[in-house]
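For ligands, and for the atoms within them, numbers begin at 1 and follow the listed sequence.
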Amino acid sequence: MEVISNRLKSELVGKKVKRGSESEIIISSLRNVVKTILERSTSTEDLLEKIKNSQRPFVIMFFGANGVGKTTTIAKVAYLLKKNGMTSLIAATDTFRAAAQEQLEYHANKLEVPLIKGKYGGDPSAVAFDAVASAKARRYDVVLIDTAGRMHNDKDLIEELRRMVKIVQPQEKILIIDSLAGYDALEQVKAYDRAINFTGLIVTKADADVKGGIILSIAAELAKPIYYLGIGQDYNDLVKFSPEWLIPKLLPNN
Ligand SMILES: Nc1nc2c(ncn2[C@@H]2O[C@H](COP(=O)(O)OP(=O)(O)O)[C@@H](O)[C@H]2O)c(=O)[nH]1
Ligand SMILES: [Mg+2]
């Protein structure tokens, strides 16, 4: 990774190094570089605090390719909100995939959170708009909007998502990235950034990603907060992101 090697070079250039302590110095410099990069992605403001301090309803839209864990993550966030005494309402806007709506319905029922959905083939923006109106009328704290995740380079989908953002004006636009997606994850980050200029990220399946490399790549690519990591399939498996969590994975044994 270019950013890392460049920064490492500038950390090391001009450093006086005693013979025999070279590797020690390099590793501690590398640790500093990695920490600095990851800190750019560490949110200074906790998402829950932000919601508490904002006007209601607080609207969060979730984006991401199919299979990255959008629906699961939305269920986890609804659970987290509930645990923290906040009410939420979920909007299922993927009106073309019946299975997507059913999956959300399953979680919504389990979590006892209302779900707003549209007719098959209906306008996704209308579903999102209705959900926000409903949350206002019923005084819900948060609206969680699930969106369709067809290919990130699908022009129609991008237009649809942009339109939804324009109509709904969410306070947060969160991109979900699968840490197992490899190089494609970075391509998704760039494509969604161009399309909807997301405000933050949640990286899923960190439990299955032994090395945590994709998180470092994302952090090196852009300075946007990673709010949470998904670390399993249960509602509780959502942890706040911190460099301290990741650094031992990236640089083990020292
Ligand atoms: N191990 C693990 N699996 C996850 C995590 N998040 C989601 N999944 C699984 O990934 C699969 C796809 O998730 P889903 O929410 O349907 O993705 P969507 O298509 O983006 O809505 C499901 O089997 C989830 O249980 C995570 O953090 N860790
Ligand atoms: Mg889904």
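From Leu89, atom CG reaches atom CG of Asp130 across 10.5 Å, with rounding to the nearest 0.5 Å.
Placement of Leu144 and Leu104 within a single hydrophobic cluster is found when ILVMFWY residues are connected by side-chain heavy-atom separations under 4.5 Å, directly or transitively.
Between Lys50 and Glu172 the shortest side-chain heavy-atom distance falls below 4.5 Å. Side-chain contact between Gln171 and Gln55 is present, with heavy atoms from C-beta onward closer than 4.5 Å. The shortest side-chain heavy-atom distance between Phe58 and Asp141 does not fall under the 4.5 Å cut-off. In this structure, the side chains of Leu48 and Leu80 come closer than 4.5 Å at one or more pairs of heavy atoms. Looking at Ile177 and Leu175, their side chains come closer than 4.5 Å, going by heavy atoms from C-beta outward.
In terms of protein heavy-atom proximity, atom 15 (O) of ligand 1 is nearest to Thr72 OG1, 2.5 Å. Protein heavy atom at the shortest distance from atom 17 (O) of ligand 1 is Gly69 N, 3.0 Å. Nearest protein neighbour of atom 12 (C) of ligand 1, counting heavy atoms only, is Gly67 O, 3.6 Å.
Every N/O-N/O distance between Ala206 and ligand 1 stays at or above 3.5 Å.
Of all the listed residues (Gln103, Arg97, Lys205), Lys205 holds the heavy atom that lies closest to atom 8 (N) of ligand 1. One option in Lys70, Gln233, His107 has a heavy atom closer to atom 3 (N) of ligand 1 than any other, and that option is Gln233. The nearest non-hydrogen atom to atom 6 (N) of ligand 1, considering only Asp207, Val239, Ile231, Thr204, comes from Thr204.
Assignment of Ala208 to the shell around ligand 1 is not supported, since no heavy atom sits closer than 4.0 Å. Residue contact check for ligand 1: Asp237 places no non-hydrogen atom closer than 4.0 Å to it.
With a 4.0 Å cut-off on non-hydrogen atoms, Ala65 touches ligand 1 through its backbone and not its side chain. Heavy atoms from both the backbone and the side chain of Thr71 come within less than 4.0 Å of ligand 1.
Without hydrogens or angle criteria, Gln169 side chain to Lys166 main chain gives a donor-acceptor distance under 3.5 Å.
Backbone or side-chain N, O or S atoms of Thr71 reach the Mg ion (ligand 2) at under 2.8 Å.
Contact atoms of ligand 1 toward Asn66: 19 (O) (distance under 4.0 Å to a heavy atom of the residue). Near Lys76, the atoms of ligand 1 lying under 4.0 angstrom from a non-hydrogen atom of the residue are 26 (C), 27 (O). Residue-ligand proximity, Gly230 to ligand 1, at heavy-atom distances under 4.0 Å covers atoms 27 (O).
The six-membered or imidazole ring of Tyr235 lies near that of His107, with a centre-to-centre distance under 6.0 Å.
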Show your working on side chain to side chain contact (heavy atoms under 4.5 Å, CB included) between Thr87 and Val142 and close with a plain yes or no. CA-CA 6 Å; Thr87 53; Val142 183; over 6 Å; no
